[in-house]
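Excluded from the calculations below are hydrogen atoms, water molecules and symmetry mates; all remaining heavy atoms, backbone and side chain alike, are included.
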Amino acid sequence: MGTDAAIEWVTERVGAPGADLGVAIRPGVGLGIAVADDVLPVGTDDPASVVAGIEAAVAPRWVWFDRPSGPDPLAAAGVRVARCWDVLTVHRLLHGRWRTSVALVWARLHDLAPDGLPTMGQLGLLDDHGDGDGDPEQPVRPDGYLRPEWVAGGWSATPERLARWAALALDAAARQRRLLGLRPLPERAHSTARSESAAELLCAELEVDGLPIDTVEAERLITEAAGPRPRDETHADELRRARDDEVLAILGPGRAVDLRNPADVKAMLRTVGLDLPDTRAWRLERHQDDHPLVAALLRWRKAERISTTYGWRWLDEHVHAGRLRGEWSSCDGAAGRMTASAGLHNLPAELRPAVAAEAGHVLVRADLGQIEPRVLAAVSGDAALIAATADDDLYQPVATRLGVTRDVAKVAVLGAMYGSTTGRSAHALRGLEQAYPTAMGVLEAAARAGAAGEDVYTIGGRRVRMWVDDRSEEIEADASLDRARSVAAARGRFARNALIQGAAAELFKVWAVTVRARAEPLGARIVLCLHDELLLHVPDERAADAVTLVGDALDEAAYRWSPARDVRFVAEVTTVRRWSEAK
DNA sequence: ATCGTAGGCGCC
DNA sequence: AAAGGGCGCCTACGAT
């Protein structure tokens, strides 16, 4: 079966763009395609080109179980499909938590007990071979579970298996659609499933493309912060000791303190008259003037952070040919924010000048302004807070309404969303409850549910699980009422925040995937997603177009996502050569 | 030896 | 201003 024949086969069966098309891909083997009750195995060395052809012809919604680990074959081949349905991603939306598997998802969709999941057995010899298991060429066992040998990789052994696997993904997606229509999920959960799936496409591309890095500048900055590149292990030890000695010298000779051991550091601080509950930086900062040791320790920590986490090893491991690459996930296991490894989400400010556009390109940086309070206005529908979003600076009208300064208003609003209970914001919180009862009521209700151990749902329908694990049950059963209260309070804060953080993540992803789609014709690529910030790598001559596009995409995303029509979202968009130039 | 946890800190 | 929610990643340490 050649590429053209496969395209024709699909075109005959797929009518409208966006219609479901099951697919399973294995480079070197081929791909399997599934439409309703029909499957097509395609043996080919180059499955990506078949996908590209079908995409151009009918633009289906590609349905698959998950994204393979490692470089995504489509993204690596430069095939940018528009739509997909990622079964594992939708599962995470429906059930919360991150850890899952194709076998588990299948079992749950078929009402099979998760703890009855069959295992491969050692070397696959013990299980999965008896006659009771049925035909080994069929992916589903007579008892309804997926065949472990298939789950472990057998699904991609032949084009025929790929085709059967694609049919299963199609079936799983149909079952998920039914679940998405059930209470307590909102109607918009269907569209959340689609945007969250599209975010997986973006993640695959972010992994393959990487973030452009000026390696020379990166080396200069690392040298500045952590010293020269060590020649060998011995040299590295010397440099380490030299760093330590700058702090230890202040203590005087003969004092052996392990600066990497917090208990040791605590004891060291006690000898100079500082008895602190812990040695965290924000606590130490208050005592900078009490003893020169404190300032030296803080300086040491900063240098140590760069050299251990973002130093030479980090550079060698994650930056290749001018690109920083890490693994991307479209959602975490909590409220659903994107995650990234390799320092992509926590690169220290000092190193950000190294993030630079390549020759002939610029970076377009777009930052959502005050996203969380605006999202709170949207999800609660609080008319007064919605009115405040009309202002470029939302905190200003809030401050006026409460009769407090802008700073106090900001702390109070953030405190309400994070569950802060003490300090100056506590008083202003009363004012917020008076002025914005609907918004505060929504947060309060979430906190109560969370404290009681009940799951909550984001506006987009993501289930946020409250962790009621063995340990917290143990603590609750414990006689210590204080501990039980503090666990409940922590759950309350988590739920309160997850409602906002999760909703903001949903809006952000709708924005990001909209930009992804619209930016393609410009030759522009998203190279970084950072919770409320997008970084695009854009050919020089399309910079102005990209700036316009990003703003328009936010309006489009807000329209599609926002449950309240009048909430205003704003983005600051700048064109720069280096990431650090913005702001 | 290998694993999970805690303290710590980078970013949002 | 206070020290809250999330993540990844480092080290040391205690359990297995």
Between the protein and nucleotides 9-12 of chain B, list every N/O to N/O distance that falls short of 3.5 Å.
from   : atom 1 : to       : atom 2 : distance (Å)
B:dC9  : OP1    : A:Arg301 : NH1    : 2.5
B:dC9  : OP2    : A:Ala281 : N      : 2.8
B:dC9  : O4'    : A:Arg305 : NH2    : 3.0
B:dG10 : N2     : A:Asn346 : ND2    : 2.7
B:dG10 : N3     : A:Asn346 : ND2    : 3.3
B:dC11 : OP1    : A:Ala349 : N      : 3.0
B:dC11 : O3'    : A:Arg352 : NH2    : 3.0
B:dC12 : OP1    : A:Arg352 : NH1    : 3.3
B:dC12 : O3'    : A:Asp532 : OD1    : 2.7
B:dC12 : O3'    : A:Asp532 : OD2    : 3.3
B:dC12 : O2     : A:Arg337 : NH1    : 3.4
B:dC12 : O2     : A:Arg337 : NH2    : 2.9

| note | Closest of B:dG8, C:dA12, C:dA1 to the A:Pro262 side chain is B:dG8
| message | The criterion is side chain to side chain contact (heavy atoms under 4.5 Å, CB included); which residues satisfy it with A:His95, sequence neighbours excluded? | response | A:His91, A:Arg108, A:Arg463, A:Arg465
| side-chain hydrogen bond (donor to acceptor under 3.5 Å, both in side chains) against A:Glu246, all qualifying residues, sequence neighbours excluded | none
| query | Using a distance-only test with no angle check, is there a side-chain donor-acceptor pair under 3.5 angstrom linking A:Arg560 and A:Ser195? | reply | no
| query | Given that A:Glu285 and A:Gly333 both sit by DNA chain C, which one's nearest nucleotide is further toward the 5' end? | reply | A:Glu285
| Qualifying salt bridge (charged side-chain N to carboxylate O under 4.0 Å, His left out) pairs with a residue from residues 427-437 of chain A, counting only residues at least two apart or across chains | none
| Close residues, residues 201-223 of chain A, relative to DNA chain C [heavy-atom separation under 4.0 Å] | none
| note | Quick note, A:Thr339 side chain, CB onward, closest among C:dA12, C:dG8, C:dC10 is C:dG8
| request: Fit a plane to each ring of A:Trp511 and A:Phe508, take the angle between them on a 0 to 90° scale, and name the class: parallel (under 30°), tilted (30 to 60°) or perpendicular (over 60°). | output: perpendicular
| field | Residue list, side-chain hydrogen bond (donor to acceptor under 3.5 Å, both in side chains) with A:Ser380, at least two apart or on another chain | value | none
| Under 4.0 angstrom between A:Arg260 side-chain N/O and C:dC13 OP1 or OP2 | no
